[in-house]
*Asks:* 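Dumping the structure here so I can ask a few things about it.
None of the values given here were measured: they were computed from a predicted structure. Scope of the values below: all heavy atoms of this structure, side chains included, with no hydrogens, waters or symmetry mates. So that the names make sense, note that chain A is the first sequence line, chain B the second, and so on, each numbered from 1.
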Amino acid sequence: MIDLKYLQKNFDEASAKLSKKGVDGEALENLKTLFSNLKDANARLEVAKADQNRMSKLFGEYMREKKDITELKAKVDANKEVIVVLQSTANKANDALQTIALAMPNLPDDSVPIGTDEDDNVELRKVLTPRVFDFEPKEHWALAEINGWIDFERGVKLAKSRFSVLRGDAARLERALINFFLDVNREKGFEEVCVPFINNASMLQGTGQLPKFEDDLFKIEDENLYLIPTAEVPLTNLYNDEILTDKELPILLTGYTPCFRKEAGSAGRDTRGMIRQHQFNKVEMVAIANPNESDKIFEMMVENASDILTQLGLPHRVVELCGGDLGFSAATTIDLEVWLPGQDKYREISSISNTREFQARRAKIRYRDGKKNRLVHTLNGSALAVGRTLVAIMENYQNEDGSIEIPKVLKKYM
RNA sequence: AGAGAGGUGGCCGAGUGGUCGAAGGCGCACGACUGGAACUCGUGUAUGGGGCAACUCAUCGAGGGUUCGAAUCCCUUCCUCUCUGCCA
């Protein structure tokens, strides 16, 4: 959630920042008004409640001293009616504010490039040169068929479209990648954790998936629970509603989880192959950081994900997202895009974001800074998306006959 | 899933209608004592909101209700523990 006090005091600045993300000024103006309405309603309510508390104490004294209470009772009853009205006004103001505030995206950093969509993203650098093929490289689904690696039809039979089954060496390779990623992350100082793949609504609100993006989530029927769309949710919310000590920071976490997404709104995109599935595996990094360290940790996370791709020999590029392409919770995001020779383009394989205080405010994750409690910064990033890495290996390591080499670093895992 | 018991501050634990944001203990922080430390003694020690501040409002798992007044009474719900059932 954005800082409403900041919004109130620096409205023009906040407005300018959010316009980068495509938020119109009217919604923001509305939010500011609601906030000041709430403050006003609360101030009046508080005075009435203070009166009530005072009179109630007096009431107790009167009773003990056996004084006449009729007059006091009349006063207190009248005030009570006032409180009921003020309370209802304050509640309404609060509900209205929460509804809008929770749907308001994070402010982008000043350094975020201006732009409306992915075409305006800024390429920072390329790592490794794509291999030159002396034959026409195939797309991964063609290679999957030749090798019997991916059974799309039976995935659909078991569940529905956008589900698939990995078979034989592909299944082993998937597992090898998970182990490889976790090992690398652990060596970089991330604690490995294994978490529930189902989280409750409050956690999903904490990281920003709810209330706005409910349509993208698989909900458990009759329960207040959802399949996680990313390990960012359980890893970040591990510290939901906690106050950490400065000494504990930064907390670096890594975990493997499957991720479940409805992909509402992606109808027709990447229908072929396993680039966009309802269920996919991912190894995630999460950092809970002291605000003055978060930029440094962000760089480290980007380097780590890039290093993994380099170790796998996968050419990729590092891209800074423009304001319009930035996710809801992110203040800044860097994507890693891996080269897919079969598709002849770079495709997203990792996305690393600093949400600054945005998620911490929603999830109430704080640390003690001297006598004061302050919000931490939370960061998250994939290292890496497993299924897409498998695709990248297939396309980059293919031979003319359709067979696929295994990258050297993975040999010990197979 | 059924039966029973219970959820109070960082932890333990008292508190069954008012003077309770909450005794006492432990822990922690600071100070005194000491050459230094232990011991001992003193002081302080929940969170969130509003206010420059004095101060004030809210919070005793969560939500609702009764009452002038609720940690305490009533309802709903979540969670934990024990026994039974079921399983990996």
*Asks:* Does the separation of the ring centres of Phe213(A) and Phe328(A) fall below 6.0 angstrom?
*Replies:* yes
*Asks:* In whole Å, what separates the P atom of G48(B) from that of G85(B)?
*Replies:* 47 Å
*Asks:* Pick base, sugar-phosphate or nothing for Ala43(A), based on heavy-atom distances below 4.0 Å to the nucleic acid.
*Replies:*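 Here Ala43(A) touches no strand at all.
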*Asks:* For A23(B), give the paired nucleotide (Watson-Crick: N1-N3 plus N6-O4 or O6-N4; G-U: N1-O2 and O6-N3; both under 3.5 Å), or none.
*Replies:* none
*Asks:* Give a yes-or-no answer on whether the side chains of Asn399(A) and Glu405(A) include a donor-acceptor pair shorter than 3.5 Å.
*Replies:*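 Their side chains do contain a donor-acceptor pair, which is all the 3.5 Å distance test asks for.
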*Asks:* So what's C86(B) paired with, Watson-Crick or G-U wobble, going by both distances under 3.5 Å?
*Replies:*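 Per the H-bond distance test, none.
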*Asks:* Would you mind classifying the nucleic acid contact of Gln52(A) as base, sugar-phosphate or nothing, using non-hydrogen atoms under 4.0 angstrom?
*Replies:*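 Answer is sugar-phosphate: Gln52(A) comes under 4.0 Å of backbone atoms only.
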*Asks:* If the C1' atom of C41(B) is compared with that of G61(B), how far apart are they to the nearest Å?
*Replies:*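 That atom pair is separated by 39 Å.
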*Asks:* Would you check if Thr389(A) and Leu314(A) make a side-chain contact, meaning some heavy-atom pair closer than 4.5 Å?
*Replies:*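 Yes, their side chains come closer than 4.5 Å.
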*Asks:* Please classify the nucleic acid contact of Arg44(A) as base, sugar-phosphate, or nothing, using heavy-atom distances under 4.0 Å.
*Replies:* nothing
*Asks:* Which base, if any, makes a Watson-Crick or G-U wobble pair with G63(B), both distances under 3.5 Å?
*Replies:* C75(B)
*Asks:* When rounded to the nearest 0.5 angstrom, what is the spacing between CD in Glu395(A) and CG in Leu340(A)?
*Replies:* 5.0 Å
*Asks:* At under 4.0 Å between heavy atoms, what does Asp77(A) touch on the DNA or RNA strands: base, sugar-phosphate, or nothing?
*Replies:*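 Sugar-phosphate contact only - Asp77(A) comes under 4.0 Å of backbone atoms but never of a base.
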*Asks:* Look through every strand shown and name the nucleotide pairing with A70(B) as Watson-Crick or G-U wobble, where both distances are under 3.5 Å.
*Replies:*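 Pair assignment: A70(B) / none.
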*Asks:* Work out how far the C1' atom of U16(B) is from that of U72(B), and round it to whole angstrom.
*Replies:*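 Taking atom C1' in both U16(B) and U72(B), they lie 5 Å apart.
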*Asks:* Is there a Watson-Crick or G-U wobble partner for C28(B) with both distances under 3.5 Å, and which nucleotide is it?
*Replies:*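 The answer is G44(B), by the H-bond criterion.
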*Asks:* Assuming nearest nucleotide by heavy-atom distance, tell me which of Val47(A) and Lys80(A) is located more 5' along RNA chain B.
*Replies:*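 This one resolves to Val47(A).
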*Asks:* Using the C1' atom on both, measure C26(B) against G63(B) and round to a whole Å.
*Replies:* 34 Å
*Asks:* Any salt bridge between Lys296(A) and Glu293(A), counting N to O under 4.0 Å?
*Replies:* yes
*Asks:* Measuring only the P atom in each nucleotide, how far is U76(B) from A3(B)? A whole number of Å is fine.
*Replies:*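 Roughly 14 Å separates the two P atoms.
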*Asks:* Tell me, do Leu244(A) and Arg368(A) make a side-chain contact under 4.5 Å, heavy atoms counted?
*Replies:* no
*Asks:* On RNA chain B, nearest-nucleotide positions of Gly60(A) versus Met55(A): which is more 5'?
*Replies:*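 So the residue in question is Gly60(A).
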*Asks:* Phe298(A) and His377(A): aromatic ring centres closer than 6.0 Å?
*Replies:*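 They do not qualify: ring centres at least 6.0 Å apart.
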*Asks:* Can you pull the contact range of chain A along RNA chain B, 5' to 3', using atoms under 4.0 angstrom from its heavy atoms?
*Replies:*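 Contact boundaries, 5' end first: G18(B) to G69(B).
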*Asks:* Please give the distance between the C1' atoms of C60(B) and A46(B) as a whole number of Å.
*Replies:*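 Between the two C1' atoms, the distance is 11 Å.
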*Asks:* With rounding to whole Å, what would you report as the distance between G44(B) and G49(B) at their C1' atoms?
*Replies:*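 One C1' to the other, the span is 24 Å.
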*Asks:* Tell which nucleotide pairs with C81(B), taking only Watson-Crick or G-U wobble pairs whose two distances are both under 3.5 angstrom.
*Replies:*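 In the structure as shown, C81(B) has G4(B) as its Watson-Crick or wobble partner.
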*Asks:* Lys39(A) near the nucleic acid: base, sugar-phosphate alone, or nothing, with a heavy-atom cut-off under 4.0 Å?
*Replies:* sugar-phosphate
*Asks:* Any strand is fair game: report the nucleotide pairing with G35(B) by Watson-Crick or G-U wobble, both distances under 3.5 Å, or none.
*Replies:*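 Per the H-bond distance test, none.
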*Asks:* Are any side-chain N or O atoms of Thr355(A) and backbone N or O atoms of Thr378(A), one a donor and one an acceptor, separated by less than 3.5 Å?
*Replies:* yes
*Asks:* Only pairs under 3.5 Å count here: list side-chain donor-acceptor contacts from residues 279-288 of chain A, not counting sequence neighbours, and write none if there are none.
*Replies:*
unit_1    : atom_1 : unit_2    : atom_2 : d
Asn281(A) : OD1    : Tyr256(A) : OH     : 2.8
Asn281(A) : ND2    : Glu174(A) : OE2    : 2.7
Lys282(A) : NZ     : Thr230(A) : OG1    : 2.8
Lys282(A) : NZ     : Glu284(A) : OE1    : 2.6
Glu284(A) : OE2    : Gly381(A) : N      : 3.3

*Asks:* With P as the reference atom in both, quote the distance from A22(B) to G9(B) in angstrom, rounded to an integer.
*Replies:*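 One P to the other, the span is 14 Å.
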*Asks:* When all nucleic acid strands are considered with a 4.0 Å heavy-atom cut-off, which category describes Asn373(A): base, sugar-phosphate, or nothing?
*Replies:* sugar-phosphate
*Asks:* Over all strands shown, is Leu72(A) touching base, sugar-phosphate only, or nothing at heavy-atom distances under 4.0 angstrom?
*Replies:*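 It contacts nothing in the nucleic acid.
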*Asks:* For Asn53(A), answer base if it contacts any base atom (sugar-phosphate contacts may also be present), sugar-phosphate if it contacts only those atoms, and nothing otherwise; contact means non-hydrogen atoms under 4.0 Å.
*Replies:* sugar-phosphate
